[in-house]
Structure formats: C-alpha cells, structure tokens
Protein chains: 2
Amino acid sequence: MKLSDLIEQYILDFFKENEMVELKRSELANKFNCVPSQINYVISTRFIPELGFYVESRRGGGGYIKICRTNLNRSDYISDIIDKISQNLSQTTLDVYLNDFVRYNILNKKTANIVRVALSDKSLAKVDKYDRDLVRSDMLKNIIVNII
Amino acid sequence: MKLSDLIEQYILDFFKENEMVELKRSELANKFNCVPSQINYVISTRFIPELGFYVESRRGGGGYIKICRTNLNRSDYISDIIDKISQNLSQTTLDVYLNDFVRYNILNKKTANIVRVALSDKSLAKVDKYDRDLVRSDMLKNIIVNII
DNA sequence: ATGATATAATAGTCAAAGAAAGTCAAAGTT
DNA sequence: AACTTTGACTTTCTTTGACTATTATATCAT
C-alpha cells in the first residue's frame with residue numbers, strides 16, 4: 001500500500017474513537033519516515049472540506065494540526081453534499097466520497113462498489129478524456145438526488 | 001506460442017488459486033522481456049468483461065493493475081446477458097435488464113434504481129449523444145462482472 | 001518590570017522529480 | 001486482413017526538498 005494511504009488510514013483510525021484529531025506534523029512525518037510536507041499532501045487530498053473535514057493548525061513552538069469533522073446527521077449530510085461535489089470529479093476523489101457515503105449509511109458497501117465500477121475510467125473509456133470528470137460528477141449527483 | 005498467449009496463460013494461472021490478481025505492469029513486462037504496453041494489449045484483448053473479467057488500475061507511485069474474475073459458468077443467465085448486451089445499450093433496454101435483475105435477485109430494487117439513474121441519459125448529458133449507448137453498455141458490463 | 005529583538009520550533013507552499021500506468025499509431029507477423 | 005509487437009509520448013498520482021511564514025520563548029537594553 002502507498003505511503004499516503006497508510007497515513008490516511010492512520011489518521012482515520014483516530015476518528016473511530018474521536019471527533020477530532022490533533023497531531024504534530026513533524027512527529028507524524030517521523031513515524032512514517034517521510035518529509036513533513038507529505039502530511040500536507042495527505043490532508044489536502046483526503047481530508048477535504050467537501051467531506052466535512054475542516055483543518056486548523058498553528059505554527060511555531062507547540063504547533064499542531066487539528067482535523068475535525070463536522071458531525072452532521074445523515075439527512076443534513078445528504079442535503080449538503082450535492083452542492084459540495086464540484087463540477088469535476090476524478091476517479092480518486094470519487095473513491096474518497098464513496099467511502100464517506102458508506103460511513104454515513106447512504107450506500108452500503110456493495111452498492112458503493114457498483115457505483116465505483118460504473119463510474120470508473122474504465123467504464124467511461126469511450127467518453128472523451130476531458131469530459132470524464134464532468135460526467136462522473138453528474139452521475140454521482142443524480143444518484144444522490146435520487147436517494148433522497 | 002505467441003508472447004501474448006504466454007502472458008495470458010501466466011495471468012490465468014493465478015486464477016487457479018485466486019479470484020483476483022494484482023500485478024505491476026512494469027514488473028510483468030520485465031519478466032516477459034517486452035514493452036509495458038504489451039501488457040495492456042493482452043489485457044484489452046483477453047481480460048474483457050465478455051469473458052468475465054473486471055479490470056481496474058491506478059497510475060502513479062504504488063500503481064497497479066488488478067484483474068478480478070467472475071465465474072461466468074456459475075450463472076448461465078449472467079453470461080447470456082453479457083453476450084446479449086451488445087455494444088449499444090439504450091436507456092429503455094437497460095430498464096428491461098434491470099427489471100430482470102431484480103426479478104432474479106441479482107440486484108435489489110434500490111440498487112437497481114441507483115444504477116438506472118447513474119446510467120440514465122440525464123446523467124450522461126455531457127456525453128455525446130451518439131456515444132451514450134456505447135458508454136452505457138460498457139458500464140453495465142463492468143457492473144455485471146463485478147457483482148457476481 | 002517592560003518592551004524590543006533574536007532564536008528556535010513549528011507548519012505551509014509550490015514546483016520539480018519520480019513512479020507508475022495509458023494511448024495510439026507504426027511496424028512486423030501470420 | 002487480422003493480429004501482435006514496439007516505442008514515443010501522455011496522464012495521473014506521489015514523494016521530496018528548498019524556501020517561506022508564523023508563533024513561542026529566550027535574551028537584552030532601558
């Protein structure tokens with residue numbers, strides 16, 4: 001598994017117990033034997049506002065990175081999410097969303113997987129490359145609208 | 001025997017033990033002393049949904065190609081369907097299939113509906129009108145081999 | 001004590017380098 | 001003609017590092 005995925009998982013594990021995770025960037029980088037900015041990469045690709053994570057941090061002595069998730073209930077989450085899904089949805093970001101949907105019980109694992117497959121680049125191979133992310137976004141939005 | 005056939009056989013051998021094979025394109029190319037794109041050729045000509053395979057991949061560091069197999073024999077019904085889904089799948093025909101799937105307990109109603117919405121013309125609005133049926137066909141085939 | 005300044009300890013940014021896989025068309029085989 | 005092999009070029013995602021920005025603490029002058 002990729003380093004970034006490991007770090008993501010490590011952080012996500014905290015959320016099983018907690019609403020909020022506070023970490024020291026350099027410590028974490030140390031634990032995973034990487035440069036500190038790798039942590040920023042993971043956060044900016046996986047702990048995104050669209051999924052209800054918000055991140056605050058402080059530099060200097062005693063600095064920290066705090067990741068919180070807004071604890072929406074299921075129906076609030078659903079009504080919010082459509083607006084937040086941007087016009088462009090990459091395969092990778094879709095994955096991040098789908099994991100979240102499973103967490104919120106919007107889709108079960110099996111269905112999420114079907115959606116993942118249906119909207120994959122492979123399935124969309126015949127769609128113009130530059131339109132794929134647009135189409136994916138439309139599809140996901142339609143799915144969500146329909147669930148409501 | 002042709003190189004492509006050798007590679008095909010090599011991959012198929014894994015399936016004797018396993019339902020899923022994950023490989024590194026460049027490693028495999030190396031083992032067979034060929035260019036990496038040869039692997040793509042083998043996959044795209046032999047590991048296709050029509051034959052019960054579902055393929056997914058990822059680029060970048062830690063990338064991979066994952067091939068999953070569905071035992072089409074397990075269900076004559078399904079393999080028939082895949083054969084029947086031609087290159088072109090209209091919205092209407094999709095509906096027919098989906099109803100069948102529900103009847104045969106392959107998908108539950110809710111999931112079938114999600115698929116219906118995801119593959120609808122509305123979701124595919126940004127896809128060239130003349131390509132929609134092609135895309136729909138690819139999507140459904142991938143879904144089918146994936147769910148079994 | 002007080003305020004000013006330096007120093008150390010953090011975190012952030014951004015672009016380049018790296019590590020895969022994908023595409024496509026030309027050339028080669030059968 | 002159909003299928004296979006090859007390779008140059010593209011795209012996607014990750015890792016790294018040099019440089020910047022911010023904050024806390026220590027030190028120094030008054």
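Below, chains carry the letters A, B, ... as their sequence lines are ordered, and counting in each starts from 1.
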For residues 20-28 of chain B, dump all side-chain donor-acceptor pairs below 3.5 Å to protein atoms at least two apart in sequence or in another chain.
{"from": "B:K24", "atom 1": "NZ", "to": "B:G63", "atom 2": "O", "distance (Å)": "2.7"}
{"from": "B:R25", "atom 1": "NH1", "to": "B:N40", "atom 2": "OD1", "distance (Å)": "2.6"}

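- If you take CG of B:D5 and P of D:dT4, they are 7 Å apart, rounded to a whole angstrom.
- The pair B:E56-A:R116 meets the salt-bridge criterion, with a side-chain N (NZ, NE, NH1 or NH2) lying under 4.0 Å from an Asp/Glu carboxylate O.
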Which atom pairs link the protein and nucleotides 26-30 of chain C when you take only N or O atoms and keep those under 3.5 Å?
none

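- B:Q91 meets the side chain to side chain contact (heavy atoms under 4.5 Å, CB included) test with B:S120, B:D121, B:R136; sequence neighbours excluded.
- In this structure, A:T92 reaches the D:dC13 phosphate: one of its side-chain N or O atoms is under 4.0 Å from OP1 or OP2.
- Heavy-atom distances under 4.0 Å link DNA chain C to A:K24, A:R25, A:S26, A:S37, A:N40 of residues 22-45 of chain A, given in residue order.
- Regarding A:F47, its CZ atom lies at a distance of 18 Å from the C1' atom of C:dG12, rounded to whole Å.
- Between the P atom of D:dT12 and the CD atom of A:Q91 lies a distance of 11 Å, rounded to the nearest Å.
- Side-chain atoms of B:F32 and B:Y10, non-hydrogen and from C-beta on, do get closer than 4.5 Å to each other.
- Proximity of a side-chain donor or acceptor of B:D131 to a complementary backbone N or O of B:L134 within less than 3.5 Å is not detected.
- Side-chain nitrogen and oxygen atoms of B:R58 include none within less than 4.0 Å of the OP1 or OP2 phosphate oxygen of C:dG22.
- Geometrically, A:R69 engages A:F53 in a cation-pi contact, judged by NZ or CZ lying under 6.0 Å from the ring centre and within 45° of the ring axis.
- Between the side chain of B:S57 and the backbone N or O of B:I65, no donor-acceptor pair lies under 3.5 Å.
- Side chains of A:D95 and A:T92: a donor-acceptor N/O pair is absent below 3.5 angstrom, by distance only.
- Put simply, CD1 on A:I7 is 18 Å from P on D:dC13, counting in whole angstrom units.
- Within residues 59-67 of chain A, the residues having any heavy atom under 4.0 Å from DNA chain D are, by residue number, A:R59, A:G60, A:G61.
- Comparing B:S4 and A:S4 by the nucleotide of DNA chain D that holds the closest heavy atom to each, the one mapping nearer the 5' end is B:S4.
- The closest side-chain donor-acceptor pair between A:S75 and A:N73 falls under 3.5 angstrom.
- Heavy-atom neighbours of A:K31 NZ from other residues, nucleotides or ligands within 6.0 Å: at or below the threshold of 12.
- Residues passing the salt bridge (Lys or Arg N to Asp or Glu O under 4.0 Å) test with A:K126 are B:D138, sequence neighbours excluded.
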